[in-house]
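Letters go in sequence order (proteins before strands), and every chain restarts at 1.
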Number of protein chains: 2
Amino acid sequence: MRELTIGELSERSGVATSAIRYYEDRGLVRSRRTTGNQRRYESPMLRRLAFIRTSQRVGLSLEEIEQALATLPGNRTPTKADWSRLSRGWRPRLDAQIAQLERLRDTLDSCIGCGCLSLKRCSLSNPGDVVAPRGPGPVFLDGH
Amino acid sequence: MRELTIGELSERSGVATSAIRYYEDRGLVRSRRTTGNQRRYESPMLRRLAFIRTSQRVGLSLEEIEQALATLPGNRTPTKADWSRLSRGWRPRLDAQIAQLERLRDTLDSCIGCGCLSLKRCSLSNPGDVVAPRGPGPVFLDGH
DNA sequence: GCACAAGTTGAAGTGAACTTCAAGTCAAGG
DNA sequence: CCTTGACTTGAAGTTCACTTCAACTTGTGC
């Protein structure tokens, strides 16, 4: 169970070293330092990075991810159950996103025929909810 | 069919005046100027704004919207059929987005039980189809 | 022991889509 | 005519999640 350098962690997680350092500045990951001040990571950090990346895919901001990570026990390495608990929180969010897009699609169906796009009548252009892109790739999320 | 000031257009479209001016700088909307250099809009601009806002909801960038708008006939006011044609292009995009989120959800279902989040096995953290690949392809991790 | 790849830092840059600001001009009601 | 609110501009600021840069230090393979 050797420790990983930031380069190794980057290669094995697929997360750029600059991003890892950025996460560390923000407190999302931790490392110990060698006598020469270089970062060394233990392997659980890989899982942590995986959680961060996956959470981003679900549309969470780093701040929200930070809050979620803060609920992990600090005194021990998180277990599968810990990660599972956090991941379960994704589900409603994901469901809501899907439902929202489906509403948009259905509305689109009924609006395409008329080409109306009236701001007054067409719920397509007059949303009650918002979809906004965020993060890498097309991720959608409801505003609040 | 009075012309609208930017304030009136803003109020009736729900788009901030600063955003309208920004769109105009980018060439997404047009206006004529009064002798005193103030903007005046004709009512079709309302529909154009509606199209822009709705397109954003579908996840399009302003640049893509700009390109879509460029296919409108320049010599006449766009008809309902024109708008309908543009809007039809939204549908596949929307479908793809929904499908993607559903895949994510299904994967989440099968991953929640195990709490794995292993970069090797869990497609949740190793999407491949969403995030643009940086560096050398998908990177895998052995258990830890 | 030395070359050189890999690591370090803080600061600045990126890009999307705006918003805010300052300082001034225009338009409409009384 | 005068006040007041709406409008004008360009420039700079905002947020998010990073990336890039420059100048320097560490760690490793031969």
Side-chain angles (χ1 to χ4, degrees), chain A residues 2-41 45 49 51-67 69 130-141 143-144, chain B residues 2-41 45 49 51-67 69 130-135:
Chain A
R2 244 191 74 248
E3 285 177 319
L4 301 166
T5 66
I6 193 169
E8 290 163 341
L9 185 67
S10 169
E11 205 178 332
R12 293 176 65 170
S13 67
V15 178
T17 59
S18 58
I20 295 174
R21 269 190 283 262
Y22 174 70
Y23 291 162
E24 200 162 332
D25 285 350
R26 296 199 45 157
L28 287 146
V29 301
R30 270 168 295 109
S31 64
R32 75 167 192 89
R33 296 303 181 104
T34 63
T35 50
N37 197 37
Q38 295 197 356
R39 291 171 177 83
R40 289 297 181 274
Y41 298 91
M45 276 301 142
L49 279 179
F51 177 80
I52 293 169
R53 286 311 221 200
T54 312
S55 300
Q56 286 187 307
R57 293 233 302 144
V58 178
L60 297 162
S61 67
L62 287 186
E63 193 172 334
E64 290 170 298
I65 296 169
E66 203 174 324
Q67 283 165 24
L69 287 173
V130 182
V131 178
R134 188 197 291 262
V139 175
F140 294 85
L141 141 83
H144 30 242
Chain B
R2 244 192 73 248
E3 285 179 317
L4 302 166
T5 66
I6 193 168
E8 289 163 341
L9 185 66
S10 170
E11 204 177 333
R12 293 178 62 172
S13 67
V15 178
T17 59
S18 57
I20 295 173
R21 269 190 284 262
Y22 174 70
Y23 293 161
E24 199 161 333
D25 286 348
R26 295 200 44 157
L28 287 147
V29 300
R30 269 168 297 109
S31 65
R32 76 167 192 88
R33 297 302 182 105
T34 63
T35 51
N37 197 36
Q38 295 197 354
R39 292 170 177 83
R40 287 298 180 274
Y41 298 91
M45 276 302 141
L49 279 180
F51 177 80
I52 293 169
R53 286 312 221 198
T54 312
S55 301
Q56 285 187 309
R57 293 232 303 142
V58 178
L60 297 162
S61 67
L62 287 184
E63 193 172 334
E64 290 171 299
I65 297 169
E66 203 173 325
Q67 283 164 23
L69 288 172
V130 174
V131 178
R134 359 167 181 268

Participant: Going by heavy atoms in the side chains, are Arg30(B) and Glu24(B) under 4.5 Å from each other?
Facilitator: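 No; the side chains remain at least 4.5 Å from each other.
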Participant: With no hydrogens and no angle check, is any side-chain donor or acceptor of Glu11(B) less than 3.5 Å from a backbone partner on Glu8(B)?
Facilitator: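 No: the side chain of Glu11(B) does not pair with the backbone of Glu8(B).
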Participant: What residues in residues 31-38 of chain B put a non-hydrogen atom under 4.0 Å from any atom of DNA chain C?
Facilitator: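 Here the set is Thr34(B), Gly36(B), Gln38(B).
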Participant: If we ignore hydrogens and angles and just use 3.5 Å, is the side chain of Ser10(B) paired with the main-chain N or O of Val15(B) as donor and acceptor?
Facilitator: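 Checking the backbone N and O of Val15(B) against the side chain of Ser10(B), a donor-acceptor pair under 3.5 Å is found.
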Participant: Go nucleotide by nucleotide along DNA chain D from the 5' end; which of Glu63(A) and Ile6(B) gets its closest nucleotide reached first?
Facilitator: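 Nearest-nucleotide comparison on DNA chain D picks Ile6(B).
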Participant: When you measure from the side-chain N and O atoms of Arg39(B) to the phosphate of dC7(D), is any distance below 4.0 Å, counting only OP1 and OP2?
Facilitator: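 False: Arg39(B) side-chain N/O out of range (4.0 Å or more) of dC7(D) OP1/OP2.
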Participant: Do Gln38(A) and Thr5(A) have side-chain heavy atoms sitting under 4.5 Å apart?
Facilitator: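 Of all side-chain heavy-atom pairs linking Thr5(A) with Gln38(A), none is under 4.5 Å.
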Participant: OP1 or OP2 of dA6(D) sitting under 4.0 Å from any side-chain N/O of Arg40(B)?
Facilitator: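 Answer is no, no contact under 4.0 Å.
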Participant: Using whole Å, report how far CG of Leu60(B) lies from C1' of dA17(C).
Facilitator: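 The distance from CG of Leu60(B) to C1' of dA17(C) comes to 14 Å, rounded to the nearest Å.
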Participant: Hey, does Arg33(A) have a side-chain heavy atom less than 4.5 Å from the side chain of Arg40(A)?
Facilitator: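 With C-beta onward as the side chain, the pair stays apart.
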Participant: Quick one: is dC16(D) close enough that its OP1 or OP2 comes under 4.0 Å of any side-chain N or O from Gln56(A)?
Facilitator: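 Checking dC16(D) against Gln56(A), no side-chain N or O comes under 4.0 Å of OP1 or OP2.
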Participant: Does Thr5(B) have a side-chain nitrogen or oxygen under 4.0 Å from the phosphate oxygens OP1 or OP2 of dC7(D)?
Facilitator: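 Answer yes for this pair, as a side-chain N or O of Thr5(B) is under 4.0 Å from OP1 or OP2.
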Participant: Atom CD of Glu66(B) and atom P of dA17(C): how far apart are they, to the nearest Å?
Facilitator: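 Whole-Å distance recorded here is 10 Å.
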Participant: Is it true that atom CZ of Arg26(B) has more than 12 heavy atoms of other residues, nucleotides or ligands lying nearer than 6.0 Å?
Facilitator: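 Yes.
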Participant: Could you tell me whether the side chain of Ile65(A) reaches within less than 4.5 Å of the side chain of Phe51(A), counting heavy atoms only?
Facilitator: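 A side-chain contact exists here, since the closest heavy-atom pair is under 4.5 Å.
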Participant: In sequence, state the C-alpha distance, the side-chain angles, and the governing distance for Val29(A) and Leu69(A), and then conclude on side chain to side chain contact (heavy atoms under 4.5 Å, CB included).
Facilitator: CA-CA 9 Å; Val29(A) 301; Leu69(A) 287 173; over 6 Å; no
Participant: I want to confirm an ordering. Mapping Thr17(A) and Leu62(B) to their closest nucleotides on DNA chain C, which one lands closer to the 5' end?
Facilitator: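 Final value for this comparison: Thr17(A).
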Participant: Can you find a pair of side-chain heavy atoms, one from Leu4(B) and one from Met45(B), that are under 4.5 Å apart?
Facilitator: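 Side chain of Leu4(B) against side chain of Met45(B), heavy atoms only: no contact under 4.5 Å found.
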Participant: Which of residues 18-27 of chain A sit near DNA chain D, with a heavy atom under 4.0 Å from it?
Facilitator: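 Result for residues 18-27 of chain A: Ser18(A), Ala19(A), Tyr22(A), Tyr23(A), Arg26(A), sorted by number.
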Participant: Can you tell me how far P of dG7(C) sits from CD of Glu3(A), to the nearest Å?
Facilitator: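 Rounded to the whole Å, the gap is 14 Å.
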